[in-house]
Protein chains: 2
Amino acid sequence: MSNIKDTKTQKGSNTYNMILRKAVDIASIEGLNGVSIGRLASELNMSKSGLFAHFGSKEQLQSKIIDIAAQIFNEEVIKPAESHQMGLHRLWSLMDNWISYLERKVFPGGCFFSTVTIEYDCKKGELHEKIGKIMSDWRNRIINELNTAKGNKQIIKDADIYKLAFEIISIGMGANWIFNYYNDKEICMQARKSILDLLNAVIIDKSIKLS
Amino acid sequence: MSNIKDTKTQKGSNTYNMILRKAVDIASIEGLNGVSIGRLASELNMSKSGLFAHFGSKEQLQSKIIDIAAQIFNEEVIKPAESHQMGLHRLWSLMDNWISYLERKVFPGGCFFSTVTIEYDCKKGELHEKIGKIMSDWRNRIINELNTAKGNKQIIKDADIYKLAFEIISIGMGANWIFNYYNDKEICMQARKSILDLLNAVIIDKSIKLS
DNA sequence: CCTACCGATCGGTAGG
DNA sequence: CCTACCGATCGGTAGG
C-alpha cells in the first residue's frame with residue numbers, strides 16, 4: 001500500500017532532507033525571510049534551479065522549513081517528556097527539555113520558533129497562521145498539563161492556569177534571548193529556577209520534587 | 001556657539017526626521033534588515049539617491065533608526081517614570097509605562113527593541129553591539145531600582161534582584177509577542193498582574209500600593 | 001538534477 | 001535634493 005514515490009521522491013529523498021536541514025539552521029539565525037534560494041544552493045553546492053524544483057516557490061520552501069523544525073522540536077522536547085506521568089511531572093520535563101534544547105544548540109540560532117514567531121508577529125498570510133498555530137499548540141500543551149495537575153490535586157484549585165502558562169513561556173523566551181545575545185550560559189539554570197519557583201508557589205504536596 | 005549646520009542640515013532637518021520616523025515604524029514590523037532604501041524612498045515620494053545621501057550607507061541608516069527608537073522609548077517610557085520616587089514606585093511606573101507603550105502602539109510593530117533584539121541575537125557587528133547595550137541599560141535600570149528598593153527596605157533583603165529583573169523583562173517580551181501575534185489586548189493586564197505578583201512576593205511593607 | 005535566462009530590486013556611485 | 005547608471009542578487013521560468 002505504501003507509495004514508493006512518497007518516501008523516495010520527496011520526503012524520503014536525501015537531497016530534500018539535506019536542503020531542509022541546512023535551511024532550518026539558517027532560518028533559526030536569519031529568520032525565514034533571511035533564507036535565500038541562491039545562498040542555500042551555493043552552500044549546498046547545488047544549482048539554484050535544481051534546489052528550487054523541490055519546492056516550487058519560496059513560500060513553499062519556508063512552509064516546509066517550519067514543518068521540519070516542528071518535527072525536530074517534537075523529537076527533542078515533546079517526545080522525551082511522554083515517559084513522565086501527565087500533570088506536573090510531564091510539564092516540568094517539557095520545560096527542562098526545552099531549556100536543554102537551547103543548551104545543546106539543536107538549532108544554531110537558539111529556539112527556531114522564538115525567532116520566527118517574533119519575525120511573523122505583525123505579518124499576515126499562511127506562514128503567520130502556521131507559526132501561530134504551532135505556538136498555540138505549545139501553549140495549550142502547557143495549559144493542559146497544568147489542568148491535569150489541578151485535577152490530580154497536585155496544585156491548588158485556584159491557581160491561575162492561563163497566567164502561569166503565560167509566565168512560563170515568557171521566561172523561556174527571555175532565556176532564549178539572553179542565552180543567544182550575551183552567550184550567557186547561566187541564564188538557563190536561572191530560567192529553570194524561575195519556572196520551579198512559579199510551580200512551587202502553587203504546589204500542594206510539598207514532597208513533590210521536580211528538579 | 002551653536003552651529004546652524006547641526007540643527008538644519010542633519011538632525012534638525014524635517015526630511016531627515018521624516019525619513020527616520022517612517023523607517024523606525026517599518027523596522028518595528030519588518031526588522032532592521034527589512035528596511036530597504038528603495039521602498040523607504042518610494043513611500044516618502046523621494047528618489048533613492050536623495051534619501052541615501054542623508055546616511056551614506058545602509059548600516060548608518062540602521063544605526064540612526066536605533067538612535068531614534070531609543071529617543072522615542074526614552075520619551076514614552078523612561079522620562080514619565082522620573083516623577084516617581086526611586087525604588088519600587090519608579091520601577092512599577094517604568095513597567096506600567098512600558099505596557100502602556102504597547103497598548104498605545106507607539107510603534108506599529110509593538111516594541112521596536114523586542115523585534116530587533118531577537119533579529120540581532122545571533123549576529124555580530126556594530127548593530128548587534130548597539131542594540132545589546134541598549135537592552136543591557138534597560139535591564140540595569142530595572143536592577144538599579146530593585147537595589148534601591150532593597151536599600152530602602154521596601155523589599156526583603158534576600159530577594160534575588162537579578163532573577164527578578166530577568167522575570168520582569170521576560171514577561172514584557174511574552175506580552176509583546178502575544179499582543180502582536182494574536183491581537184490579544186487582555187494580555188497587557190495579565191502582564192501587569194504577573195509583574196505585580198512577582199513584586200508583591202518580596203515586598204515588606206504590604207501597605208505599598210502599586211497598581 | 002543542470003545551463004541559461006527573465007524582470008525586479010538590492011545597496012551604492014557619478015555627476016549635477 | 002535629482003537623473004541616470006553600476007554590478008550583484010533576488011525569486012522564478014524554459015528547456016533539457
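Chain identifiers are assigned alphabetically (A, B, ...) following the order of the sequence lines, protein sequences preceding nucleic acid strands; residue numbering begins at 1 within each chain. Because the structure is a prediction, the values reported are computed rather than measured.
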Can you tell me the distance, in whole Å, between the [atom1] atom of [X] and the [atom2] atom of [N]?
X	N	atom1	atom2	value
B:K48	D:dG7	NZ	P	14 Å
A:K58	D:dG12	NZ	P	8 Å
A:L51	D:dG11	CG	P	11 Å
B:L44	D:dC2	CG	P	11 Å
B:E30	C:dC10	CD	P	12 Å
A:N33	C:dT9	CG	P	15 Å
A:I37	D:dG12	CD1	P	6 Å
A:Q62	D:dC10	CD	C1'	13 Å

Review point. Going by the angle between their ring planes, with limits at 30° and 60°, are A:Y181 and A:W177 parallel, tilted or perpendicular?
Key: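 Perpendicular: the ring planes of A:Y181 and A:W177 meet at over 60°.
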Self-check item: Qualifying residue, where the test is side-chain hydrogen bond (donor to acceptor under 3.5 Å, both in side chains) with A:K79 and the options are A:E82, A:E75, A:E76
Solution: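 Per the side-chain hydrogen bond (donor to acceptor under 3.5 Å, both in side chains) rule, the option paired with A:K79 is A:E75, out of A:E82, A:E75, A:E76.
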| Out of D:dT3, C:dG11, D:dG11, which nucleotide sits closest to the side chain of A:F52? |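 It is D:dG11.
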Identify whether any heavy atom of A:S49 sits under 4.0 Å from a base atom; if not, whether one sits that close to sugar-phosphate; answer base, sugar-phosphate or nothing. base
query: Base, sugar-phosphate alone, or nothing: which one does A:S36 contact when heavy atoms must sit under 4.0 Å apart?
result: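 Sugar-phosphate contact only.
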Flag this pair as yes if the NZ/CZ of B:K123 is under 6.0 angstrom from the six-membered ring centre of B:Y120 and inside a 45 degree cone about the axis; otherwise no.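 Here B:K123 passes the 6.0 Å and 45° test against B:Y120.
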- Could you tell me whether A:K133 and A:E129 make a salt bridge, using a distance below 4.0 angstrom between a side-chain N and a carboxylate O?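 Judged by the 4.0 Å cut-off on N to carboxylate O distance, A:K133 and A:E129 do not form a salt bridge.
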Using Watson-Crick geometry (N1-N3 plus N6-O4 or O6-N4) or G-U wobble (N1-O2, O6-N3), each under 3.5 Å, D:dG12 is paired with C:dC5
